[in-house]
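Worksheet: one structure, shown below.
Whatever order the structure lists ligands and atoms in, that order sets their numbers, starting from 1.
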Amino acid sequence: MASEKNTKAKLYSRYPLSSVLIYNGSTILHFLLGGIGIALGYSFSPWAGYTFGILYLVFSFVEMYVIMPLTVCPNCVYYRAKDWLCVSGLNILSKKIAKEGNLKDFPRRAEGLFCPNNLYLVSLIVPILAMIPALIVNFSVVLLIIFLGVICLLLFRFFIIFPKIACLHCRAKYECPQARAMGVRSR
Ligand code: SF4
């Protein structure tokens, strides 16, 4: 583990409430807009729009708010420290529904094709990919606005939330593969 004294950014044991709200607000908005966009984009079929939209919503919320706290958070440093609050707040939920894991297993969140990290990325990107053909065959201004809104949320996540609000200040960043990918460990 790198020495904290070499880092410039403050590491948060408890993230500010504003960070937790921005993280979860943008996540929930991303999922909701994605689900609505899929449902609207495929509404020319009596069943496809609602079915795909609802399936996406169930997948994305379960991945983020069930699979993550059951499989990733128990291995995180935020799980075991009393009164700590991570940027997602999921360490609190995880303590209630999962047994403590092993810190050494935390990097495994990015191992394997169906690892939690990949499922998380899929939940963010699927609505964008699904709305492209829908825009071609079933164009509407509302669908275009939703599509652009989801793209903005994705860019906001990768260029603002991860590098400036979440991972930069995270006490798990020396173990987390995502922090390494974001290049925030030495900042
Ligand atoms: S470094 Fe980023 S992705 Fe990794 S646990 Fe911390 S906030 Fe989450």
Side-chain angles (χ1 to χ4, degrees), residues 1-31 34 59-128 150-187:
M1 183 183 289
S3 170
E4 286 184 14
K5 64 179 178 233
N6 293 329
T7 63
K8 294 173 190 158
K10 181 174 181 193
L11 298 181
Y12 292 143
S13 299
R14 286 187 67 85
Y15 274 81
L17 189 58
S18 58
S19 299
V20 179
L21 290 176
I22 289 169
Y23 184 89
N24 284 292
S26 66
T27 301
I28 291 169
L29 189 60
H30 191 119
F31 293 162
F59 166 75
S60 56
F61 276 98
V62 167
E63 186 283 326
M64 180 71 199
Y65 293 103
V66 179
I67 293 176
M68 282 284 186
L70 281 178
T71 62
V72 174
C73 303
N75 300 325
C76 179
V77 66
Y78 281 87
Y79 179 101
R80 45 212 16 88
K82 196 170 177 278
D83 296 331
W84 282 20
L85 178 68
C86 75
V87 73
S88 67
L90 288 177
N91 65 318
I92 307 290
L93 174 63
S94 182
K95 276 184 203 178
K96 296 187 192 307
I97 64 173
K99 283 188 186 160
E100 185 172 325
N102 191 329
L103 275 176
K104 285 184 186 158
D105 289 334
F106 192 64
R108 291 178 65 187
R109 61 181 295 178
E111 291 174 6
L113 187 59
F114 297 105
C115 64
N117 271 26
N118 285 351
L119 294 180
Y120 177 67
L121 284 176
V122 166
S123 72
L124 297 173
I125 291 168
V126 153
I128 294 172
V150 175
I151 287 181
C152 287
L153 285 167
L154 186 71
L155 296 176
F156 180 63
R157 178 173 300 268
F158 279 104
F159 292 104
I160 304 292
I161 292 183
F162 285 151
K164 295 184 189 305
I165 296 174
C167 305
L168 180 66
H169 301 289
C170 182
R171 287 197 178 275
K173 71 180 181 181
Y174 303 110
E175 291 80 33
C176 182
Q178 190 161 298
R180 185 183 57 220
M182 288 287 146
V184 297
R185 285 184 177 172
S186 58
R187 287 166 47 202

Do T71 and R108 have side-chain atoms, one donor and one acceptor, less than 3.5 Å apart? no
Contact between E175 and L103 at the side-chain level, heavy atoms closer than 4.5 Å - yes or no?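 They are not in contact (no side-chain heavy atoms under 4.5 Å apart), so the answer is no.
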Should F61 and I28 count as side-chain neighbours, where that means a heavy-atom distance under 4.5 Å?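 Contact flag for F61/I28 side chains = yes.
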Is the closest heavy-atom distance from R185 to ligand 1 below 4.0 Å? no
Is the Y23 ring parallel, tilted or perpendicular to the F162 ring (thresholds 30°, 60°)? tilted
Within a distance under 4.0 Å of any heavy atom of F106, pick out the atoms of ligand 1 and give their elements.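 Those atoms are 5 (S).
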Test side chain to side chain contact (heavy atoms under 4.5 Å, CB included) applied to Y15 and I22, step by step: CA-CA 11 Å; Y15 274 81; I22 289 169; over 6 Å; no
Between R185 (side chain) and A179 (backbone), is there a donor-acceptor pair under 3.5 Å? no
Counting no waters, what protein N/O/S atoms lie under 2.8 Å from atom 4 (Fe) of ligand 1?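 The answer is C176 SG.
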Does anything in residues 70-93 pair up under ring-ring contact (aromatic ring centres under 6.0 Å, His included), and if so which pairs, sequence neighbours excluded? Y78-W84
Identify the closest protein heavy atom to atom 5 (S) of ligand 1: which residue and atom is it, and at what distance? R109 NH1, 3.6 Å
